[in-house]
Amino acid sequence: MLTAPHPDAPTVSRRGALWSVAGGSALLLATTAGQSIGGPLRRTALLAPHGGADPGSGPGAFQVNKTAAYAGITTASTRENTWRLELTGRSGTVRLSRARLRRLPQYGAALPIACVEGWSTSDQHWRGVRLRDLAALAGEEEAADVYVESLQAHGTFRHAWLRANQVADPRSLLALEVNGADLTPDHGYPARVVVPAAPGVLNTKWVARMTFGGQ
Ligand SMILES: Nc1nc2c(c(=O)[nH]1)N[C@H]1C(S)=C(S)[C@@H](COP(=O)(O)O)O[C@H]1N2
Ligand SMILES: [Mo]
């Protein structure tokens, strides 16, 4: 039976219902105020981006989802002389240093980070190597999917699949820099993926390995 037996006997009075709606908006106002004001109120910013960095000033100054420390990324594993990008494709596996990546053609792309947790940044200015150029280096002549893995050992965001059309997009980068400076550790140094029109979770940070066309 879909109709209430006593439709004229609501469990919440109209006055009570209005109060709870008002309470809801007051709470929402308080949380967004915390987000935009900062300072002591910042603790109440329940819905704000988290992970540490306040979007303040400087090149890396935009929200961080998970920090390098949280993800267990050590400076030893990201040093120029130890870190390598491992690329696997039709022609086997190649390992590229960051210096080598820098000598490949560099491209820029202005793209935001849009997190499904409910925040997004304005456009950030990324610079690095095109994913499609990396696919070609790995021997892929046709568009191919790619499986991207991070140095991060645990957690659901340590890996992601990108579709062939995302790899082929000229704005899709393995970024080495953002806003005119090297990536900061929290934003994915030594290298991270950025792709247009995709949720932030696909923008893998601290990339270690890319496998084209399958795992
Ligand atoms: N390795 C790794 N990459 C990651 C994540 C992560 O936790 N680990 N978080 C993802 C999510 S959910 C988002 S929204 C973006 C956030 O990027 P930012 O922290 O540079 O703003 O990174 C993505 N890349
Ligand atoms: Mo996210």
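Throughout, residue positions are numbered sequentially from 1 according to the sequence presented. Order of appearance sets the numbers: ligands from 1, and atoms from 1 within every ligand.
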Assess the side chains of Thr93 and Thr88: does a donor N or O sit below 3.5 Å from an acceptor N or O? yes
Note to self: Looking at Lys205 and Tyr189, would you say the former's side chain and the latter's main chain have a donor-acceptor pair under 3.5 Å?
What the structure shows: no
Close residues (non-hydrogen atom under 4.0 angstrom from ligand 1) work out to Phe62, Gln63, Val64, Asn65, Lys66, Ile113, Cys115, Trp119, Ser150, Gln152, Phe157, His187, Arg192, Gly200, Val201, Asn203, Thr204, Lys205, Trp206
Can a salt bridge be assigned to the pair Asp182 and Arg98 using a cut-off of 4.0 Å between side-chain N and carboxylate O? yes
What I want to find out is whether Arg102 reaches Glu80 closely enough, with some N-O distance under 4.0 Å, to be called a salt bridge.
no
State, without any angle test, whether Thr75 and Thr78 hold a side-chain donor-acceptor pair at a distance under 3.5 Å. no
message: Between Arg192 (side chain only) and Asn203 (backbone N and O only), is there a donor and an acceptor less than 3.5 Å apart?
response: yes
